[in-house]
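One structure is given below, encoded as structure tokens.
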Amino acid sequence: MTVDQASKRSLQLTADGQLRHFLTLDGLDRALLTDILDTADSFIEVGERTIKKVPLLRGRTVVNLFFESSTRTRSTFELAAKRLSADVLNLDISTSATSKGESLSDTLLNLEAMASDMFVVRHSQSGAPHFIAESVTPGVAIINAGDGRHAHPTQAMLDMLTIRQHKGGFEGMKVAIVGDVLHSRVARSQIRALNELGAAEVRVIAPGTLLPTDVESLGCTVEYDMQKGMKDLDVVIMLRLQKERMEGALLPSEREFYRLYGLSRDKLALAHPECIVMHPGPINRGVEIESAVADGPQSVILNQVTNGIAIRMAVMSMAMGGQVSERNQKQAGREQA
Ligand code: NCD
């Protein structure tokens, strides 16, 4: 383990190896990732009950702090917290105090003063959740819901849960991630998770303009020709073109991109016949994926969404396992006295 990985591990885990924050998959080992998947498995059944609630976070306050828009991630975090019986506060930062000039640190101090136990943070700046985790009161958990191009660890874990459900595990699995890897926090976290969990091969398929320099160092092979790249695949993960993060012209046109890298029925036919099709959403039909494939029998895109709730319940309950913030401990002490 590198010094960088060790420091990420120590920030995220308590001395006895329990999850304290969930910021990145860097520094987290196979045993812990498997523990998250197993815990999520146990929560799937809760979502199938008439009364979809367990009391694990009863009395705890979770704040969804989204500095960047989101539908799936924010709503599944909210449902996950509610199914764990937590009280949930959703803050749309674009309409809140930061737009009146309050600094991020001051916003957080105010939210901490409301005795929050957990912040779920999405931010366009890579590293923002990490920064918050370093400054927050000990015992308050920070969960990264996607930061810049850096990481989206709960998305990668819900993807791993979906692969494990459909394929039984990771051994021998050949997985490709296709499209805009350059701007994708999802791809970075997926590559890390797949390597740690023992996939046989992680391949990225994209034009050179949509790949980070030295992409192989993330732990993948590279294929520029999608026709060749689809061969023998067990899992194909499509990515959205992150146009909001593109500076300058990286693509000739969406039409041309679709022709070369869009997942059509023809291209899917080149993969293993039981290859599953995944996408973190939101999908752009006719840009990175053909409708007939997105809605077809090999697509597990909506299973990913359902699994997002179970994974988020797992991560939230593990990060809160026995933790009470120092502030709330003092408060409880005063109440008892
Ligand atoms: C992803 C994200 O926001 O990084 N979506 C998601 O969380 N479901 C991917 C994307 O926006 O394309």
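All values reported here derive from a predicted model rather than from experimental measurement. When a residue number appears, it is its place in the shown sequence, counting from 1. Ligands are counted one by one from 1 in listed order, and the atoms in each one are counted from 1 as well.
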### Pi-cation contact, Phe66 with Arg122 (under 6.0 Å, within 45°)
no

#### Entry: Side-chain donor or acceptor of Tyr261 paired with backbone N/O of Tyr224 under 3.5 Å
yes

#### Entry: Ligand-side contact atoms (ligand 1) for residue partner Thr73, heavy atom cut-off under 4.0 Å
6 (C), 7 (O), 8 (N)

### Message
Between ligand 1 and Glu68, can you find any atom pair, the residue atom being a heavy atom, that is separated by under 4.0 Å?
### Response
no

### Query
Near Lys53 NZ, under 6.0 Å, is it more than 12 heavy atoms from other residues, nucleotides or ligands?
yes

### Task
Test side-chain hydrogen bond (donor to acceptor under 3.5 Å, both in side chains) on Gln125 and Asp147 and set out the steps.
CA-CA 6 Å; Gln125 296 284 324; Asp147 63 328; over 6 Å; no

### Task
Tell me which protein heavy atom sits closest to atom 8 (N) of ligand 1, plus the residue, atom name and distance to 0.1 Å.
Pro280 O, 3.0 Å

### Task
Using a strict cut-off of 4.0 Å, indicate which atoms of ligand 1 neighbour a heavy atom of Val186.
1 (C), 4 (O), 9 (C)

### Task
Would you mind listing which atoms of ligand 1 come within a distance below 4.0 Å of any non-hydrogen atom of His152?
2 (C), 4 (O), 6 (C), 7 (O)

### Task
Kindly determine whether Glu68 and Ser124 satisfy side-chain hydrogen bond (donor to acceptor under 3.5 Å, both in side chains), including the steps that lead there.
CA-CA 6 Å; Glu68 202 190 74; Ser124 58; 4.6 Å; no

### Query
Quick one: which of Arg149, His183, Arg185, Glu288 has a heavy atom closest to atom 3 (O) of ligand 1?
Arg185

### Task
State if Gly281 counts as touching ligand 1 under the rule of any non-hydrogen atom under 4.0 Å.
yes

### Taking every non-hydrogen atom, the tightest pair across Gln12 and Leu23
OE1-N, 2.6 Å

#### Entry: Ligand-residue contact atoms, ligand 1 with Gln155, heavy atoms, under 4.0 Å
6 (C), 7 (O), 8 (N)

### Query
When you check the gap from the basic side-chain N to the acidic O, do Asp295 and Arg285 get nearer than 4.0 Å?
yes

### Task
Run the numbers for me: atoms of ligand 1, each under 4.0 Å from some heavy atom of Gln242, listed by number.
9 (C), 10 (C), 11 (O), 12 (O)

### Task
Could you tell me the residue and atom name of the protein heavy atom closest to atom 11 (O) of ligand 1, and the distance to it rounded to 0.1 Å?
Arg240 NH2, 3.0 Å

